[in-house]
Undergrad: 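Next up is a structure, given as structure tokens.
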Amino acid sequence: MPQANNKLQLIEFKGITLPVVAVTVRSLQPDALAKAASALFGDDPFFDGDAAVLELSQLGDLAEADWPRVHRVLKLYGLNVIGVRGGSEELRQTAAAVGLPAYASVHRSPATPAPEMPPAPPPAAEEPVANAAPTSVGSSGVKPTLFVDRPLRSGQQVYARGGDLVVLAAVNAGAEVIADGSIHIYAPLRGRALAGASGAEDARILCTRFDAELVSIAGLYRTFDAGVPAAMAGKPVQVRLTENTGDDPGRLLVEPLKTD
């Protein structure tokens, strides 16, 4: 019988799946990006070295950018930019010149669920929490959900990576709740809520008592530095994106939530 070839292969190829954050940018001015990122994430790194692809489709015919500075701004928040997609041919060429290849744009149905993540116990809400894996609930195949049942104080943060977040206690001013899916808050929201953190434009924020500092869906955000409008203050509210029709790229809509 022929002997088995046990020689060690120096190179092996295996298919794997890695999480990549899609970051839609509506400006490539480094100072503007830094200001927007600071409003969303504060001054500390938010991501854990996640790979990121920049979505350039909202930039029109922009032909060039200061890519090294753009990269440095996003690196401050823990994002490693690995490429771009969309945008003008000239802009993609300038990105390729600094080592950022162009990826094909893939349009998914809004009904496509976020990928499942391994189950993990919910974090204690009394300490700052970031990048928490959501707790899987129900039978196999059910979208993972993270539940938080303690109030969040100023400076505390909870992130439901890969799924939805359900909060059963107050999110106080200065606290932050983030989810790759939707966020449901059955208590006062006085801090910041960011849904669709990985780019899911069909994500929503649902809150029974709205007094937020900032809300965001898929990177499009609205602040309330002057306070929440009287028509919504302290009332049930829904936050969502309007439909992207091509001519209209979609808008962030904050509207009363009908509960009867």
Undergrad: Leu54 and side-chain contact (heavy atoms from CB on, under 4.5 Å): which single residue from Thr24, Leu74, Leu79, Leu100 fits?
TA: Leu74
Undergrad: Rounded to the nearest 0.5 Å, what separates atom CG in Leu257 from atom CD1 in Ile205?
TA: 12.5 Å
Undergrad: Is any side-chain heavy atom of Val237 closer than 4.5 Å to one of Val254?
TA: yes
Undergrad: Please confirm whether the backbone N or O of Leu62 pairs with a side-chain atom of Ser88, one donor and one acceptor, at under 3.5 Å?
TA: yes
Undergrad: Working to the nearest 0.5 Å, report the span between CD of Glu176 and CG of Leu214.
TA: 8.0 Å
Undergrad: May I ask you to test the Leu241-Leu220 pair for a side-chain heavy-atom distance under 4.5 Å?
TA: yes
Undergrad: Minimum heavy-atom separation for Pro144 to Gly162, with atom names?
TA: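 Closest approach of Pro144 to Gly162: CG-O, 3.8 Å.
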Undergrad: I'd like to check Ile185 versus Val177 (side-chain heavy atoms, cut-off strictly below 4.5 Å). Are they in contact?
TA: yes
Undergrad: I need the minimum non-hydrogen distance between Ala193 and Leu189, along with the two atoms involved.
TA: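 Closest pair (atom of Ala193, atom of Leu189, distance): CB-CD2, 3.9 Å.
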Undergrad: When you compare the side chain of Tyr221 with that of Val239, does any pair of heavy atoms fall below 4.5 Å?
TA: no
Undergrad: Can you check salt bridge (charged side-chain N to carboxylate O under 4.0 Å, His left out) on Asp31 and Arg69, steps first, answer last?
TA: CA-CA 9 Å; Asp31 292 341; Arg69 288 189 63 197; 3.1 Å; yes
Undergrad: When you measure from the side chain of Thr208 to the backbone of Pro236, do you find a donor-acceptor pair of N or O atoms at a distance under 3.5 Å?
TA: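 Side chain of Thr208 to backbone of Pro236: no pair is present.
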Undergrad: Transitively linked via ILVMFWY side-chain contacts under 4.5 Å: Leu206 with Leu194?
TA: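 Hydrophobic grouping puts Leu206 apart from Leu194.
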Undergrad: Treating Ile, Leu, Val, Met, Phe, Trp and Tyr as nodes and any side-chain heavy-atom pair under 4.5 angstrom as an edge, say whether Leu33 and Leu59 lie in one connected cluster.
TA: yes
Undergrad: Shortest non-hydrogen contact from Ala34 to Tyr77?
TA: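 For Ala34 and Tyr77, the tightest heavy-atom pair comes out as O-OH, 4.0 Å.
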Undergrad: Below 4.5 Å, heavy atoms only, C-beta onward: do Phe147 and Val167 meet side chain to side chain?
TA: no
Undergrad: Got a second to check how far Leu91's CG is from Leu28's CG, nearest 0.5 Å?
TA: 6.0 Å
Undergrad: Just how far is it from atom CG of Leu165 to atom OG1 of Thr145, taken to the nearest 0.5 Å?
TA: 9.0 Å
Undergrad: Find the distance between CD1 (Ile217) and OG1 (Thr242) and round it off to the nearest 0.5 Å.
TA: 11.5 Å
Undergrad: Tell me yes or no: between the side chains of Gln29 and Ser27, is some donor less than 3.5 Å from an acceptor?
TA: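 Not at all, the side chains of Gln29 and Ser27 share no donor-acceptor pair under 3.5 Å.
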Undergrad: Do the charged groups of Arg192 and Glu213 touch, with an N to O distance under 4.0 Å?
TA: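 Looking at Arg192 and Glu213, the cut-off is not met.
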Undergrad: How would you list, by chain and number, every residue that makes a side-chain hydrogen bond (donor to acceptor under 3.5 Å, both in side chains) with Asn172, sequence neighbours excluded?
TA: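 For Asn172 the side-chain hydrogen bond (donor to acceptor under 3.5 Å, both in side chains) partners, ignoring immediate neighbours, are Arg190.
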Undergrad: Decide if atom CD of Glu255 counts as having more than 12 heavy atoms of other residues, nucleotides or ligands within a radius under 6.0 Å.
TA: yes
Undergrad: How far does CZ of Arg209 sit from NZ of Lys235, to the nearest 0.5 angstrom?
TA: 12.5 Å
Undergrad: Closest heavy-atom contact between Tyr103 and Gly83?
TA: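 That closest heavy-atom pairing would be CE1-CA, 3.7 Å.
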Undergrad: Would you call Asn80 and Lys75 a side-chain contact if the rule is heavy atoms closer than 4.5 Å?
TA: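 Contact flag for Asn80/Lys75 side chains = yes.
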Undergrad: Please check if the side chain of Ser182 supplies one atom and the backbone of Arg204 the other of a donor-acceptor pair under 3.5 Å.
TA: yes
Undergrad: Can you pull the ring pair (Phe, Tyr, Trp, His ring centres under 6.0 Å) pairs that have at least one residue in residues 164-212, sequence neighbours excluded?
TA: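 For residues 164-212, and leaving out neighbouring residues, the ring pair (Phe, Tyr, Trp, His ring centres under 6.0 Å) pairs sorted by first residue read Phe210-Phe224.
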Undergrad: Using salt bridge (charged side-chain N to carboxylate O under 4.0 Å, His left out), reason through Asp50 and Arg161 one step at a time and then give a plain yes or no.
TA: CA-CA 12 Å; Asp50 299 62; Arg161 181 185 291 273; 2.9 Å; yes
Undergrad: In chain order, what residues pass the side-chain hydrogen bond (donor to acceptor under 3.5 Å, both in side chains) check against Glu89, with sequence neighbours excluded?
TA: Arg92, Gln93
Undergrad: Which atoms form the tightest heavy-atom contact between Gly196 and Ala203, and what is the distance?
TA: N-CB, 3.6 Å
Undergrad: Does a side-chain heavy-atom distance below 4.5 Å link Ile82 with Val53?
TA: yes
